[in-house]
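Whatever order the structure lists them in is the order used to number ligands and atoms, beginning at 1.
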Amino acid sequence: MEKTFHITTFGCQMNEHDSEILAGLLDEMGYRAVPDREEAQVVILNTCSVRENADKRFFGTLGQLKRRKTADPDFVVCVCGCMMQQQHIIDTLKTKYPWVDLVFGTHNIHRFPALLENVIRQKDREIEIWQDGGEIVEGMPARRLHRCKALVNIMYGCNNFCTYCIVPYTRGRERSRRPEDIVKEIRELTADGVREVMLLGQNVNSYRGEPEDGGVCSFADLILRIAEIDGLERIRFMTSHPKDLSDELIRVFADCDKLCKNIHLPVQSGSSEIMKRMNRHYDREQYLEIIRKLREAVPEITISTDIIVGFPGETEEQFEETLSLVEEVRYDSAFTFLYSPRVGTPAAELPEQIPEEVKHRRFNRLVELVDSISAEKNSAYKGRVERVLAEGTSKRNPGALSGRTDGFKLVNFKGENDLIGQFVDVEITEGKTFSLEGRIVQ
Ligand code: SAH
Ligand code: SF4
Ligand code: F3S
């Protein structure tokens, strides 16, 4: 029987990168990726628990696999990722989905090949969840989604315990990789054709590497070390917590050409009182001051954010403060979320939960404002020539290529497939709400 697999990823870039590692491990085991879940012998669902709809999508997809599992004993169903770090999910899987073959968590991905072999050999199910991260495992393979750009973890976990957020419980405490290990990985990636890296961490600003020769390597130091790698042209990172954004990093934005002039700086709310109740450790004025400093140092910087509406107790006035902050900052784009209570987080226990219809009404007002600003900002790009890394064929527009500008704007343009992986100069012909249209200039 041919060994084939299919992975579905429900979560963030970190989750996506875990899927790339799982795919790399399966490659090494002689498995072949297939585009259609129906055709795969091994199916992996890599879950996210950040909001309720991610949970729901997972159980919906899992339910669809039952019939095939019953009919085909060689079919292997694996589930992993953040949801598996929550005991109530494991309990549900055990009682309602006993036919799932393999369950593992976020801390033991490297154990996957051994666990899968056990499942296949013993025809019995395996559940292995580690409560903590332990030592960082280096040297894992990865099968990248893109040839020319790569996701690179610089740290794992989160210590911030924002009161709404499940991530510290599913990813454990902060652990930073050694700078030498990160540089080595990126050198190997560039030798394999990578031009752009996205450095990943829940809060990259609190990266604290311990170099071999002693001392401490800050996040800003790490960027400078990475920038020395020949062949690497662009460095990005995600995500940056405002409370730890240093002046040193702002200087690196201004001085380091390879660091893309774009930052994702989640604000979550425009109200200092709500920020406090979210345990964010900054207030509205401090946040706006950071934005001012960033723009002073790098006038062309593009800025995006995450915003939650309907945090418990949020009043109409406090929501209005979010709208006014968005108008003041004028984000290039913003991810907006309805507050979703997560089991085990302090905010889920708060008495004043906001009714769904109020959340939705606020959400719609916010999205309208955010989108109108994005559209205005993007339309101002018309006529500009932008350097774009052609990443692949456009999803929306068959026959076209797509790629990102230095400022992380998505651009669609006509071009031959052999340009994929290369930088091209593109003149912007139209700015839409979520993307730009352009044509290659010679
Ligand atoms: N570490 C990143 C965010 C990771 S989660 C950071 O601190 O910026 C991505 C986003 O999901 C968060 O920024 C937040 O806006 C949103 N989010 C997290 N928990 C949520 C919840 N319970 N309900 C709604 N949105 C949530
Ligand atoms: Fe969640 Fe806050 Fe950590 Fe981000 S910083 S992962 S929002 S607890
Ligand atoms: Fe990412 Fe979702 Fe986990 S956002 S860290 S996959 S809870």
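If you run ring pair (Phe, Tyr, Trp, His ring centres under 6.0 Å) between Y339 and each of Y164, F319, F311, only F311 comes through. For the salt bridge (charged side-chain N to carboxylate O under 4.0 Å, His left out) with R362, the lone residue among E368, E316, E357, E321 that qualifies is E316.
At a 4.0 Å heavy-atom cut-off, the residues surrounding ligand 1 are V50, R51, Y164, Q202, T239, P266, Q268, R280, D306, I308, F337, L338, Y339, S340, R342, listed by chain and number. For a heavy-atom separation below 4.0 Å, the residues in contact with ligand 2 are C158, N160, F161, C162, Y164, C165, V167, P168, Q202, H241, R280.
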Evaluation steps, side chain to side chain donor-acceptor pair (under 3.5 Å), between E376 and S379: CA-CA 5 Å; E376 269 176 49; S379 69; over 6 Å; no

Trace of the side chain to side chain donor-acceptor pair (under 3.5 Å) decision for E174 with S206: CA-CA 9 Å; E174 277 175 11; S206 64; 3.0 Å; yes

K149 vs E391, salt bridge (Lys or Arg N to Asp or Glu O under 4.0 Å): CA-CA, chis, key distance, verdict: CA-CA 8 Å; K149 64 172 191 175; E391 290 169 5; 3.2 Å; yes

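In E52, the CD atom is not crowded: 12 or fewer heavy atoms of neighbouring residues, nucleotides or ligands sit closer than 6.0 Å. The environment of CZ in F161 is crowded: more than 12 heavy-atom neighbours from other residues, nucleotides or ligands sit within 6.0 Å. Shown here is R208, whose CZ atom has no more than 12 heavy atoms of other residues, nucleotides or ligands within 6.0 Å.
Between Y287 and Y282, the angle of the ring planes lies from 30° to 60°, which puts this pair in the tilted group. Under the 30°/60° scheme for interplanar angles, the aromatic rings of H360 and F363 are found to stand perpendicular.
With sequence neighbours left out, Y381 forms a side-chain hydrogen bond (donor to acceptor under 3.5 Å, both in side chains) with no residue at all.
Between R365 and E320 there is a salt bridge, with a side-chain nitrogen of the basic residue lying less than 4.0 Å from a carboxylate oxygen of the acidic one. The pair R173-D132 fails the salt-bridge criterion, with no side-chain N (NZ, NE, NH1 or NH2) lying under 4.0 Å from an Asp/Glu carboxylate O.
The number of protein N, O or S atoms lying under 2.8 Å from atom 3 (Fe) of ligand 3 is 1.
Put simply, part of Q202 is less than 4.0 Å from ligand 3, judged by heavy atoms.
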